[in-house]
Participant: 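Sharing a structure, written as structure tokens. Questions coming.
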Amino acid sequence: MIQYVHMFSEGDRDQKDLLGGKGANLAEMVKLGLPVPPGFTITTEACRAYLTEGRVPPEVRVEVTQRLRDVEDLIGRTLGDSEEPLLLSVRSGAKFSMPGMMETVLNVGLNDDTVHSLASFAGDERFAWDSYRRLIQMFGKTVLDIDSERFSDVLDAHKEEAGVQADVDLTADHLKAVVAEFKQIVLDETGNPFPQTPRRQVDMAIEAVFRSWNTERAQLYRRRERIADDLGTAVNVQAMVFGNLGETSGTGVCFTRDPSSGHSGVYGDYLPNAQGEDVVAGIRNTLALTDLEERDAGAYKELRAAMRRLETHYRDLCDIEFTIERGKLWMLQTRVGKRTAGAAFRIATQLVDEALITMDEALERVTGEQLSQLLFPQFDREAERTLIATGMGASPGAAVGAVAFDNASAEAKQAEGNSVILVRRETSPEDLPGMIAAAGILTARGGKTSHAAVVARGMGKCAVVGAEDLVVDVASKEIRVGEHVVREGDTIAIDGKTGEVFLGDVHVVDSPVMTYISEGIEAARAISDGQETTELIEAVDRLLTHADARRRLKVRANADTGEDAQRARDRGAEGIGLCRTEHQFLGERRQQIERVVLAETDEERDAALAELLPAQIEDFAQLLSAMDGLPTTIRLIDPPLHEFLPDLTDLTVEVALAEERGESGPEVERARALRDAVRAIHESNPMLGLRGVRLGLKIPGLFGLQIRAIAEAVVRLREEGKDPQPEIMVPLIGSNRELVIVRAQAEEIIAEVAEAHNQAIDLPIGCMIELPRAALTANRIAQTADFFSFGTNDLTQTTWGFSRDDVETAFFPKYLENGVLTISPFETLDALGVGELVRIGVDKGRDTQPGLKTGVCGEHGGDPESIHFFNDAGLDYVSCSPFRVPVARLEAGRAVVLTDDVGTR
């Protein structure tokens with residue numbers, strides 16, 4: 001029989017699949033003996049059953065009753081009791097953190113009777129009525145789906161009438177009036193009075209949490225974070241402890257290290273006389289955690305001891321929620337904390353130096369995506385700028401963009417290709433679409449643990465919070481600060497490290513980490529702006545060096561010119577995995593390709609190709625020189641010819657107009673001939689037509705030109721004392737016979753060049769595997785190929801039947817929305833489908849030729865998740881853009897470490 005409900009004392013942190021992250025960590029804190037209010041977790045299995053059946057399993061209600069009685073016994077209070085009532089919090093808790101995306105209800109158990117009991121028990125009437133109004137407000141919004149603005153408007157009206165600014169300044173009598181109006185809103189909106197039975201409140205709140213798993217914002221967050229839709233959420237039901245029992249009470253969030261910088265110390269926010277949601281909502285600006293020491297030294301000392309114990313136990317940065325109830329510390333939650341990219345690298349190496357983790361574990365703690373964030377530009381320290389405000393730097397980076405005040409505006413501006421800064425008084429989960437669209441986030445309220453800060457750090461977006469000088473007028477769509485007025489659409493710049501807000505554009509420059517990658521650690525240290533930046537550079541160096549030592553995959557780059565190749569080599573590329581030679585036929589050389597296509601005799605075509613030979617030799621000489629001594633895979637011309645020729649419609653119009661005007665002569669004849677030639681090769685779907693090896697076989701001498709140029713470049717560079725290492729790659733192979741024909745031609749040409757220069761030239765000749773048939777018949781193709789390179793862009797197109805140029809805007813958004821796809825298969829390899837073809841190709845190829853070298857040269861070669869797949873599939877190398885080379889190096893090392901880690905469990 002399935003057990004749906006578990007007391008905290010029954011679980012541990014390894015049960016996140018069952019208990020969710022929050023429940024598993026609460027259970028772990030109980031095991032550690034920390035002061036945790038008693039409670040229980042309703043499992044993710046119950047949620048999945050609810051999502052499948054459309055109702056909470058009846059067994060859950062029975063088990064909740066049993067566990068509720070256990071909680072009542074532990075705390076000595078009873079739900080609905082007329083003297084000492086037990087109040088409960090009902091919170092979500094999925095396996096993976098989804099901050100603010102699902103529902104929470106506090107103070108469950110209050111009604112028109114128990115509010116008086118609570119007032120008597122606490123000796124504080126105002127506290128009791130404040131708790132009651134919070135329950136109705138949260139319950140109304142999250143459980144009954146009432147517009148939250150209806151409650152906010154009532155609260156604001158009472159504050160205005162009372163002449164106060166903050167909720168805490170309302171008296172008990174004010175709050176009684178607020179409660180009466182709140183109850184009337186519930187009756188008006190639902191047709192039913194606010195539920196007065198405490199147990200009914202519990203059951204309704206539990207179901208609301210389950211239901212919130214599939215809210216629009218939760219689904220959007222999961223799609224962005226690539227969290228599976230079928231995991232479900234657990235529900236944690238816990239005895240309430242109260243931070244709003246006066247000035248000796250309060251609530252806070254703290255980190256064992258700074259999540260922005262990684263520095264060890266005392267970091268967090270504290271609000272006296274408040275409940276937990278007040279901190280993350282950013283409605284009131286918080287105190288620093290160090291202020292707690294002055295207010296309550298005993299609770300502060302106990303909290304610091306708990307923080308140290310948790311960090312030592314989890315061996316990582318911990319994010320902790322706590323409440324102090326009249327001087328008594330209660331621990332409400334802990335989890336491994338989200339952090340900025342820079343903090344991730346610093347913390348990982350700090351923990352190594354403190355002997356809490358190994359270098360392999362440190363490598364597991366950072367990601368290629370975090371490294372890529374550190375490569376982005378930052379503001380030029382010497383640039384002119386107009387500072388208008390300073391808040392807290394919550395998530396580093398430099399963001400410049402047009403101001404937007406809401407989701408619709410941010411999404412519209414982003415869709416037009418503009419960079420956007422989302423500006424809010426404070427953000428809430430409803431702002432997630434705008435936050436995703438924005439390059440940066442700016443709020444006037446909140447601290448480093450506010451919703452805006454936590455979500456921005458998780459997304460890797462620049463954020464400045466708590467810029468108190470800003471008056472954000474959403475209705476007028478403007479920001480006022482001092483003498484400055486910034487309207488929607490105006491440009492501002494924010495620095496997520498310093499918290500500075502600038503008017504207008506600010507020039508950006510390379511980051512110190514990018515300087516380190518390109519020029520070395522000493523060059524990066526030279527431009528460092530302080531100890532924190534120097535520590536970051538050194539942390540990246542240590543972890544990237546360790547990744548290089550651990551990885552099995554070689555990392556090459558996609559580069560088409562000597563300049564690109566040198567840039568890739570500077571960033572650690574160990575060769576070129578893809579040179580797209582078609583890029584060398586653009587510009588002035590297009591007309592020469594036209595001559596090849598228009599040639600009416602072999603002699604005319606050979607003459608046109610001969611004119612291209614010197615330029616091609618120079619192209620390859622520059623590329624091979626930059627990659628001296630390293631393998632350089634050169635793909636023979638691949639795209640369809642229409643990409644090098646004028647548009648058929650334009651040519652048709654040009655000829656028709658000339659004929660209408662009665663024009664004649666060589667230019668008109670040339671246009672007519674070109675039109676006829678382009679029309680003759682016109683295809684409905686050119687990406688599946690005359691391209692790649694088919695083009696090479698169709699037009700004699702085209703591949704021969706390139707093969708001869710490669711061989712001649714090798715001769716020239718050898719004479720200069722260099723060691724060129726080209727590899728010739730034939731694209732779009734579907735049949736071994738195609739490769740046999742091209743290889744025979746290539747070997748004949750190479751032999752001619754070798755004989756002419758009295759040199760031995762033996763160049764590897766391989767092919768791309770980018771058609772399903774090629775993967776399925778790889779054992780036959782391996783009889784002829786010296787190497788395979790998987791072209792996963794085309795392999796994805798031909799496996800899925802997707803045209804990349806069309807589908808990403810045509811229907812991918814709907815597919816992502818409906819969960820057909822969790823991410824574009826052109827961004828991250830489809831491991832189940834396309835990946836299976838890669839595995840088949842590798843295995844079959846090596847069945848024929850055990851030592852066959854295999855690599856990948858599509859965009860997936862720089863994608864972190866795909867790199868882990870390629871490592872597991874046994875490829876020898878990945879190739880990616882020069883910018884992604886350091887990311888690929890890091891992830892290739894992590895792939896080995898994570899595989900070893902799984903193998904030892």
Side-chain angles (χ1 to χ4, degrees), residues 25-26 28-38 75-76 89 106 121-124 126-127 130-131 166-169 238-314 316-335 337 347 350 354 356 392 446-450 453 466 468:
N25 287 326
L26 282 165
E28 193 72 12
M29 287 199 294
V30 170
K31 281 181 63 176
L32 290 172
L34 294 173
V36 176
I75 204 163
S89 66
L106 304 180
F121 168 71
D124 188 335
R126 187 205 170 280
F127 153 74
D130 183 47
S131 299
D167 302 350
V168 294
D169 296 323
Q238 191 172 18
M240 283 289 298
V241 290
F242 301 100
N244 55 337
L245 270 173
E247 291 303 307
T248 61
S249 303
T251 190
V253 178
C254 60
F255 302 92
T256 56
R257 294 172 195 248
D258 187 344
S260 295
S261 69
H263 289 158
S264 183
V266 182
Y267 298 95
D269 297 320
Y270 179 71
L271 264 181
N273 197 20
Q275 285 195 338
E277 294 301 303
D278 297 339
V279 179
V280 296
I283 295 169
R284 291 164 56 193
N285 284 338
T286 57
L287 302 176
L289 193 63
T290 48
D291 293 324
L292 174 61
E293 185 174 18
E294 298 179 8
R295 303 177 68 94
D296 190 333
Y300 176 79
K301 183 178 180 181
E302 188 179 356
L303 175 64
R304 290 285 286 146
M307 290 169 66
R308 179 179 173 84
R309 187 169 185 186
L310 285 169
E311 180 172 276
T312 302
H313 184 70
Y314 282 86
D316 206 346
L317 159 69
C318 289
D319 172 351
I320 299 162
E321 294 181 18
F322 66 94
T323 283
I324 297 172
E325 182 183 275
R326 291 179 172 168
K328 165 67 176 173
L329 175 69
W330 293 100
M331 306 294 286
L332 304 184
Q333 179 179 336
T334 190
R335 59 190 171 198
I347 291 170
Q350 286 168 6
E354 294 170 22
L356 278 173
M392 282 179 271
K448 285 189 176 183
T449 58
S450 65
E468 297 180 8

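Along the sequence shown, residues are numbered consecutively beginning with 1.
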Participant: Give a yes or no answer on whether the side chain of T323 reaches the backbone of T251 with a donor-acceptor pair at less than 3.5 Å.
Facilitator: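 Not a single qualifying donor-acceptor pair exists.
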
Participant: Find out whether I320 and T256 are in side-chain contact, i.e. whether some heavy atom of one side chain is under 4.5 Å from a heavy atom of the other.
Facilitator: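 When only atoms from C-beta onward are counted, T256 and I320 do touch, with a gap below 4.5 Å.
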
Participant: Taking the side chain as everything from C-beta on, heavy atoms only, tell me whether Y270 gets closer than 4.5 Å to D296.
Facilitator: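 Counting from C-beta outward, Y270 and D296 never come under 4.5 Å.
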
Participant: Per the side-chain contact (heavy atoms from CB on, under 4.5 Å) rule, which among L34, D319, L317 passes with L310?
Facilitator: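 Among L34, D319, L317, the one meeting side-chain contact (heavy atoms from CB on, under 4.5 Å) with L310 is L34.
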
Participant: So, taking the atom named CZ in R257 and the one named CD in Q350, what distance separates them when rounded to the nearest 0.5 Å?
Facilitator: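 If I round to the nearest 0.5 Å, the distance is 5.0 Å.
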
Participant: Go through the steps for R309 and T312 under the test side-chain contact (heavy atoms from CB on, under 4.5 Å), then give the verdict.
Facilitator: CA-CA 5 Å; R309 187 169 185 186; T312 302; 5.9 Å; no

Participant: May I have the step-by-step check of side-chain contact (heavy atoms from CB on, under 4.5 Å) for V36 and Q238, ending in yes or no?
Facilitator: CA-CA 9 Å; V36 176; Q238 191 172 18; 3.6 Å; yes

Participant: Could you give the distance from CG (D291) to CG (D269), rounded to the nearest 0.5 Å?
Facilitator: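 If we round to the nearest 0.5 Å, D291:CG and D269:CG are 10.5 Å apart.
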
Participant: Are D124 and R326 packed together at the side-chain level, in the sense that at least one heavy-atom pair is separated by less than 4.5 angstrom?
Facilitator: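 A side-chain contact exists here, since the closest heavy-atom pair is under 4.5 Å.
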
Participant: Would you say the side chain of L303 lies within less than 4.5 Å of the side chain of M307, judging by non-hydrogen atoms?
Facilitator: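 In short, these two side chains touch, coming nearer than 4.5 Å.
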
Participant: Side chains of K328 and P35, heavy atoms from C-beta outward: is any pair under 4.5 Å?
Facilitator: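 Heavy-atom side-chain distance check passes, below 4.5 Å.
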
Participant: Provide the closest heavy-atom pair for L245 versus E325 in the form atom of the first, atom of the second, distance.
Facilitator: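 So the minimum-distance heavy-atom pair works out to CD1-CG, 3.6 Å.
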
Participant: What heavy-atom pair brings A299 and G327 nearest, and what distance separates the two atoms?
Facilitator: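 Heavy atoms only, the tightest pair is CB-O, 4.2 Å.
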
Participant: Using the six-membered ring wherever Trp is involved, compare the ring planes of F242 and F127 and label them parallel, tilted or perpendicular (cut-offs 30° and 60°).
Facilitator: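 F242 vs F127 ring planes: perpendicular.
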
Participant: Measure the spacing between CD of E354 and OG of S264 and express it to the nearest 0.5 Å.
Facilitator: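 Spacing of CD (E354) from OG (S264) equals 6.0 Å.
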
Participant: Nearest 0.5 Å please: distance from the NZ atom of K301 over to the CD atom of E293.
Facilitator: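 So the gap between those two atoms works out to 10.5 Å.
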
Participant: Considering only NZ, NE, NH1 and NH2 on the basic side and carboxylate oxygens on the acidic side, decide whether E247 and R295 come within less than 4.0 Å.
Facilitator: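 Yes.
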
Participant: Which heavy atom of N244 sits nearest a heavy atom of S249, and at what distance?
Facilitator: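 Looking at all heavy atoms of both residues, the shortest contact is N-CB, 4.3 Å.
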
Participant: If we only count heavy atoms from C-beta on, is the S131 to M240 side-chain gap below 4.5 Å?
Facilitator: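 They are not in contact (no side-chain heavy atoms under 4.5 Å apart), so the answer is no.
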
Participant: So how far is it from L292 CG to L329 CG, rounded to the nearest 0.5 Å?
Facilitator: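 Atom-to-atom, L292:CG and L329:CG are 9.0 Å apart.
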
Participant: Give me the atom names and distance for the closest heavy-atom approach of F322 to L289.
Facilitator: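 That would be CZ-CD1, 3.8 Å.
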
Participant: Which is it for D167 and D130 under the side-chain contact (heavy atoms from CB on, under 4.5 Å) test, yes or no, and what are the steps along the way?
Facilitator: CA-CA 9 Å; D167 302 350; D130 183 47; 5.5 Å; no

